[in-house]
Amino acid sequence: MRYSRLFIPTLKEAPAEAEAISHKLMVRAGYVRQLAAGLYIYLPLGQRVMAKINQIIREEMNAIGGQEVTMPVLNPAEVWQQTGRWDAIGDEMFRLKDRGGRDMCMAMTHEETMTWLAAHDLRSYRELPQIWYQVQTKLRDEARPKSGVLRTREFTMKDSYSFDRDDEGLDKSYQLHLEAYKKIYSRCGIKFYVVQSDTGMMGGSMAHEYMAPSPAGEDEVALCDACGYAANVELALSVPKTPNFPDGKYEEVATPEKRTIDEVTRFLKLTPDLFIKSILVMSDEGPVLALVRGDQTLHEKKLAKLIGPHRPAQKDEVKAALGVPAGFIGPMAHKIRKIADPSLRDGVYVAGANKEGYHVKGVKAGREFEAEFADIHAAVAGDACVQCGKPLRIERVIEVGNIFKLGTKYSAPLKANYLDENGAERPIVMGSYGIGPARIAAAAVEQGNDENGIIWPLAIAPYQVMVLPVNVNDGASMDAAEELYAALEEKGFEVLIDDRDERAGIKFKDADLIGIPWRVIIGEKNLKEGVVELKDRKTGVVAKVKVANAVEEIARKLVMEA
RNA sequence: CGGGGCGUGGCGCAGCCCGGUAGCGCGUCUGCUUUGGGAGCAGAAAGCCGGAGGUUCAAAUCCUCUCGCCCCGACCA
């Protein structure tokens with residue numbers, strides 16, 4: 001392709017609203033433009049990157065027997081009502097009515113329609129298993145679109161659905177996807193972790209997420225380098241370091257006006273890990289007292305898994321439920337449900353005395369209070385791994401994919417059944433597996449960039465090589481450039497030739513920004529000596545190669561890397 | 001949905017507090033010079049100052065409402 005004909009609107013400055021590196025660079029380098037909050041236009045270069053990612057995804061999905069289908073983006077309300085999600089999902093679903101006044105919605109995912117199809121056209125165990133996938137636009141009215149292409153309201157998603165006879169079959173389909181996904185991200189050239197994840201509102205029994213490390217990410221994972229334990233912090237288990245407990249004598253201490261852990265620790269000159277933090281929350285079933293260690297943070301998602309949706313109690317609710325002003329609550333002698341983090345099981349702690357202006361020392365689980373124990377603290381760096389005891393690392397990540405075992409959550413309500421060998425009707429056992437191609441692109445930019453611009457992995461770069469004649473008005477340079485360009489295209493490489501009559505500086509800056517992995521620079525002086533320069537975008541290393549060997553040399557580099 | 005910030009030529013910004021009818025840098029166009037890391041000089045085009053209402057002789061500037069965008073949080077199937 002000729003640069004002079006390609007629409008690549010590069011910018012010297014990043015738009016004011018861009019924050020994430022990938023956002024700034026993708027806009028500056030002319031890959032995308034924003035139409036409105038969470039709505040992006042993919043320009044020619046961006047389009048090529050997406051096409052390449054989607055191609056890799058398709059190849060790997062086809063390799064495990066996936067079959068591509070196309071689903072309607074516009075859905076009737078009925079299927080969503082049958083699974084209960086029409087009501088369960090709130091403002092995040094775009095809803096509308098057709099001219100006949102029928103309720104419709106824009107599909108934000110396709111469990112319903114895929115299962116509808118299975119319900120209608122899968123009849124016999126002989127037809128199972130099946131893996132169907134789609135690479136399509138989905139719409140979600142995100143509460144807060146952000147970080148460029150990372151969280152948008154309209155986005156392409158590859159998702160596949162597996163249909164099996166039983167759990168054993170699902171295991172196999174799940175395993176196929178688990179491996180296929182690893183290949184996809186590896187081929188796309190991004191760093192990623194596979195972590196245990198919450199099944200969330202998708203339902204189901206097992207789930208993993210594929211996480212690409214990046215500070216622009218919205219999630220955090222806990223990782224153990226020693227044994228490989230990896231989990232989303234939403235469910236990561238960890239064992240905090242055990243403090244040295246002072247002697248366990250139970251005594252009341254006056255702590256006037258000292259309410260927060262911070263105030264009390266300073267007042268009593270003790271470290272926060274010797275305290276019990278008592279947090280009252282209001283659940284659908286009434287107030288619940290959550291207990292974590294003073295140096296830890298309650299993880300609301302972990303707690304939600306135990307008690308359902310909840311919110312922190314107001315000051316007057318604390319007083320009403322416990323008869324104690326907030327700031328002096330202790331775990332002793334309340335009749336309400338109490339959930340304590342396991343780190344409180346042993347040891348002797350300081351806690352609120354359930355009496356205004358007082359705390360108590362020497363509080364022991366099983367002696368001063370009883371509670372259900374469950375890991376409800378947020379894992380932090382340095383906590384011990386539950387599997388091997390080595391310290392955990394916490395890293396910020398972009399979720400680039402997820403896989404779920406759905407079981408019969410959707411097949412049961414939509415009556416997606418099959419007949420087994422004995423003629424008995426059974427629900428199809430399903431799995432669902434998603435990938436966000438735009439997030440792969442963004443993650444690649446987040447992971448591959450320098451002060452000059454993007455550094456694409458070869459496999460998803462919009463072009464593999466850029467041929468850059470420094471002076472297009474020099475006949476010899478242009479002849480050599482055109483010849484190289486034609487020869488490389490002939491070999492099947494994707495080549496961009498910068499045939500613009502621009503100053504060298506501009507061409508170099510644009511080339512760096514756009515991030516094509518390899519660059520051949522044709523300069524007048526070098527050409528007179530019969531050489532051109534071959535520059536690696538990533539390392540910046542420049543190699544002079546003989547014109548006669550250039551094509552072969554470039555081909556060698558490209559093939560070597562691929 | 002809660003908290004904060006910002007809307008001024010295509011892009012990045014100043015002007016607003018202390019009203020007087022808009023300016024800088026980059027980009028764009030023309031000409032000459034230049035030509036290996038975002039050139040120099042000369043000239044030019046381009047802005048209902050997000051929108052509506054109000055105050056005033058006069059509003060980018062003050063007041064009210066509204067729309068949009070970004071950030072933090074909540075949410076994220």
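Chain naming here is simple, since letters A, B, ... match the order of the sequence lines and numbering starts at 1 in each. All figures in this text were calculated on a predicted structure; none of them were measured in a lab.
Applying the ring pair (Phe, Tyr, Trp, His ring centres under 6.0 Å) criterion to A:Y181, with sequence neighbours excluded, gives A:Y210. In terms of the ring pair (Phe, Tyr, Trp, His ring centres under 6.0 Å) criterion, residue partners of A:W116 (sequence neighbours excluded) are, by chain and number, A:H120. Applying the ring pair (Phe, Tyr, Trp, His ring centres under 6.0 Å) rule to A:W518 yields no partners; only residues at least two apart in sequence or on another chain are considered. Applying the side chain to side chain contact (heavy atoms under 4.5 Å, CB included) rule to A:L527 yields the partners A:A476, A:S477, A:A480, A:I522, A:V532, A:V547; only residues at least two apart in sequence or on another chain are considered. By the side-chain hydrogen bond (donor to acceptor under 3.5 Å, both in side chains) test, A:E218 pairs with A:R151, sequence neighbours left out. Not counting sequence neighbours, the partners of A:Y174 by the ring pair (Phe, Tyr, Trp, His ring centres under 6.0 Å) test are A:H208. In this structure A:E317 satisfies the side chain to side chain contact (heavy atoms under 4.5 Å, CB included) test together with A:M282, A:R311, A:A313, A:Q314, sequence neighbours excluded. Every residue was checked against the side-chain hydrogen bond (donor to acceptor under 3.5 Å, both in side chains) condition with A:K509, not counting sequence neighbours, and none meets it.
As rounded to the nearest Å, B:G51 and B:G4 have C1' atoms that lie 23 Å from one another. Rounded to a whole angstrom, the distance from the C1' atom of B:C18 to that of B:U61 is 10 Å.
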Side-chain donor-acceptor distances from residues 3-18 of chain A under 3.5 Å, at least two apart:
unit_1	atom_1	unit_2	atom_2	d
A:S4	OG	A:D499	OD1	3.1
A:S4	OG	A:D499	OD2	2.6
A:T10	OG1	A:D510	OD1	3.0

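Scanning residues 71-82 of chain A for heavy-atom distances under 4.0 Å to RNA chain B yields an empty list. Shown for residues 36-45 of chain A: residues whose heavy atoms fall under 4.0 angstrom of RNA chain B, namely A:A36, A:A37.
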Treating primed atoms plus P, OP1 and OP2 as sugar-phosphate and everything else as base, which nucleotides of nucleotides 31-47 of chain B get B, S or - for protein heavy atoms under 4.0 Å? ---B-BBBB--------
